[in-house]
Number of protein chains: 2
Amino acid sequence: MKVRDVAEAAGCSIGSVYNEFGDFDGLILTVNRETVQALTERLKAVPADDPLRQLHGLADAYLGFATEHANLLRSLFEHRMEDDRPFPEDILAMVMDAFALMHAPLVRLLPDRDPGDVAVLSRMMFSAVHGIISLGLEERMVAVPPEQLRERLAQFVDTHLAGLGVTRSA
Amino acid sequence: MKVRDVAEAAGCSIGSVYNEFGDFDGLILTVNRETVQALTERLKAVPADDPLRQLHGLADAYLGFATEHANLLRSLFEHRMEDDRPFPEDILAMVMDAFALMHAPLVRLLPDRDPGDVAVLSRMMFSAVHGIISLGLEERMVAVPPEQLRERLAQFVDTHLAGLGVTRSA
DNA sequence: GATTCTTCTTGAACAATGTTCATTTTCGTA
DNA sequence: TACGAAAATGAACATTGTTCAAGAAGAATC
């Protein structure tokens, strides 16, 4: 993304882009905010009736979003602020909220576990899913073949849940 | 990293940097090659006597490397080639080889499983570890609190192995 | 409607950085 | 020493983020 391209696409001058977004970081962060919102919206649309199905749905929804908007997700996770400025708190909070969406179904599946523990478990599980997807979707690094990704991801979730003591029939 | 800084640090001219590395991509890729080699060396130093301990050791070694060389790993995984040039095959192969290091111990722990399946499982497991670590070490996105990362990572490996049917005493 | 003040918009100019290439230096060889 | 090949140089260029004085547009007052 280039400031000049944005200006041309918006039909205004370069200066107006700066009036609107402040600087390049501001431009990127505006895009990233929309990305998190769109992602969250998509994740929240996953049915919450059955917790196990919900977990699979969340992983699958994340995979779908990552497939369709690979570059947006990269911008969200890989962008570094200029001049070591701190990353905006609101975006951090939104991302953490999105990653915490696995918490509710996990609590239902693991009612006896310490809630604080489940909170970490859910974010860790989402981080793992994120890692599998982000590396799996890289054209270059085929850690997991893309055509298998959907199936393998479901397998991963099942395996991990089994390790946590969740029986498949629950 | 800037070409001018490299030239100054090397005590030569800007042009000499270009004679040596071709272009900026060449410079980055040279660094990335050394990064993969250093990472692989470290991972291969993990004792292979006990497969379960080896898996924990690999995860822990990756965490250690990521902690000490966060920016090098980011460069390796996040760098995009200019002008849509293809990513060098040799680096791809080296990264895949590093990620495949979980294969041998997993085969020992899962002797009855289809080898091709275990190959994917091992890369998937490493991708998951990568995701947990890379997000956990981001100052900004504390998916998993850094001070807990080591312990949580071991817990993750254990949980996943349990899900795969590996008994803890094996 | 004219004048003045405020606000917004503009794009030329600047700074930083990757890149090129004619020139210069270095060095081996006759 | 003289010549030619190879290497090194850094000034100049292209791209891109950034600034800001000047101008345009609008609001307010008389």
Side-chain angles (χ1 to χ4, degrees), chain A residues 1-39 69-92 94-95 134 138-141, chain B residues 1-39 69-92 94-95 134 138-141:
Chain A
M1 184 153 62
K2 307 185 224 303
V3 175
R4 281 165 179 77
D5 292 350
V6 171
E8 187 174 3
C12 67
S13 68
I14 297 173
S16 291
V17 175
Y18 276 83
N19 288 338
E20 186 68 24
F21 300 103
D23 59 1
F24 194 69
D25 270 346
L27 187 55
I28 299 284
L29 292 176
T30 299
V31 173
N32 287 356
R33 267 189 201 89
E34 288 184 16
T35 300
V36 192
Q37 279 164 0
L39 172 62
H69 311 290
N71 42 359
L72 290 181
L73 266 196
R74 271 203 299 270
S75 168
L76 177 60
F77 286 110
E78 297 180 3
H79 175 68
R80 311 278 139 190
M81 303 289 286
E82 298 281 312
D83 203 24
D84 287 337
R85 269 179 292 184
F87 203 83
E89 288 295 332
D90 65 325
I91 296 187
L92 291 188
M94 285 193 284
V95 172
S134 64
E138 294 276 347
E139 275 303 316
R140 50 194 209 189
M141 314 209 181
Chain B
M1 183 153 63
K2 307 184 223 303
V3 175
R4 282 165 177 76
D5 293 351
V6 172
E8 188 174 4
C12 67
S13 69
I14 298 173
S16 292
V17 175
Y18 276 83
N19 288 339
E20 185 68 24
F21 299 104
D23 58 2
F24 194 69
D25 269 346
L27 187 55
I28 300 283
L29 292 176
T30 299
V31 173
N32 287 357
R33 266 188 201 91
E34 288 185 16
T35 299
V36 193
Q37 279 165 359
L39 172 62
H69 310 290
N71 42 359
L72 290 180
L73 266 196
R74 272 204 297 271
S75 167
L76 176 60
F77 286 110
E78 297 179 4
H79 175 66
R80 310 281 139 188
M81 302 290 286
E82 298 281 312
D83 203 24
D84 287 336
R85 269 179 293 184
F87 203 83
E89 287 296 330
D90 64 325
I91 296 187
L92 292 188
M94 285 193 286
V95 172
S134 64
E138 294 276 345
E139 274 303 317
R140 50 196 208 188
M141 315 208 181

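Below, read A as the first sequence line, B as the second, and so on, with proteins coming before strands; counting in each chain starts at 1.
- In terms of heavy-atom proximity, A/P86 sits nearest to A/M81 at O-CE, 3.7 Å.
- Looking at heavy atoms from C-beta onward, B/V95 lies in side-chain contact with B/F77 at the 4.5 angstrom threshold.
- Within a heavy-atom distance below 4.0 Å of DNA chain C, no residue of residues 21-29 of chain A is found.
- In this structure, CG of B/D5 is placed 7 Å from P of C/dT17, rounded to the nearest angstrom.
- Ion pairing of A/R80 with B/E78 is present here, as a side-chain N (NZ or NE/NH1/NH2) and a carboxylate O approach within less than 4.0 Å.
- The two residues B/H79 and B/F87 make their nearest non-hydrogen contact at O-CE1, 4.2 Å.
- Residues B/L39 and B/L73 share a closest heavy-atom pair of CD2-CD2, 4.5 Å.
- We find that CD of B/E8 is positioned 15 Å from C1' of C/dA16, with the value rounded to whole Å.
- Atom CZ in B/F24 sits 5.5 Å away from atom CE in B/M1 (nearest 0.5 Å).
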With 3.5 Å as the limit, what N/O pairs link the protein to nucleotides 24-26 of chain C?
none

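- A salt bridge between B/R85 and B/D23 is present, with a side-chain N of the basic residue lying under 4.0 Å from a carboxylate O of the acidic one.
- One interatomic measurement links the two molecules: CE of B/M81 to P of C/dG18, which rounds to 16 Å at whole-angstrom precision.
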Every protein N/O within reach of nucleotides 5-10 of chain D N/O, cut-off under 3.5 Å:
residue : atom : partner : partner atom : Å
D/dT9   : OP2  : B/S13   : N            : 2.9
D/dT9   : OP2  : B/S13   : OG           : 3.0
D/dT9   : OP2  : B/S16   : OG           : 2.6
D/dT9   : O5'  : B/S13   : OG           : 3.3

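- Comparing C/dA13, D/dT19, C/dG18 by their nearest atom to the side chain of A/R4 picks out C/dA13.
- Direction of the helix axis in the helix from C/dG1-D/dC30 to C/dA30-D/dT1 shifts by 20° between the two five-pair termini, rounded to 10°.
- Taken from CD1 in A/I91 to CG in A/L76, the straight-line distance is 7.0 Å, to the nearest 0.5 Å.
- Applying the side chain to side chain contact (heavy atoms under 4.5 Å, CB included) criterion to A/L72, with sequence neighbours excluded, gives A/V31, A/T35, A/H69.
- Atom NZ in B/K2 sits about 14 Å away from atom P in C/dT19, given to the nearest Å.
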Enumerate, atom names and distances included, each donor-acceptor pair closer than 3.5 Å involving a side-chain atom of residues 10-18 of chain A, sequence neighbours excluded.
residue : atom : partner : partner atom : Å
A/S13   : OG   : A/S16   : N            : 3.3
A/S13   : OG   : A/S16   : OG           : 3.3

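- Atoms CD and OG1, from A/E20 and A/T30 in turn, are 8.0 Å apart once rounded to the nearest 0.5 Å.
- A/M94 contributes atom CE, which lies 4.5 Å from atom CG of A/D90 (distance to the nearest 0.5 angstrom).
- By the 4.5 Å heavy-atom criterion applied to side chains, A/I28 and A/S75 are counted as neighbours.
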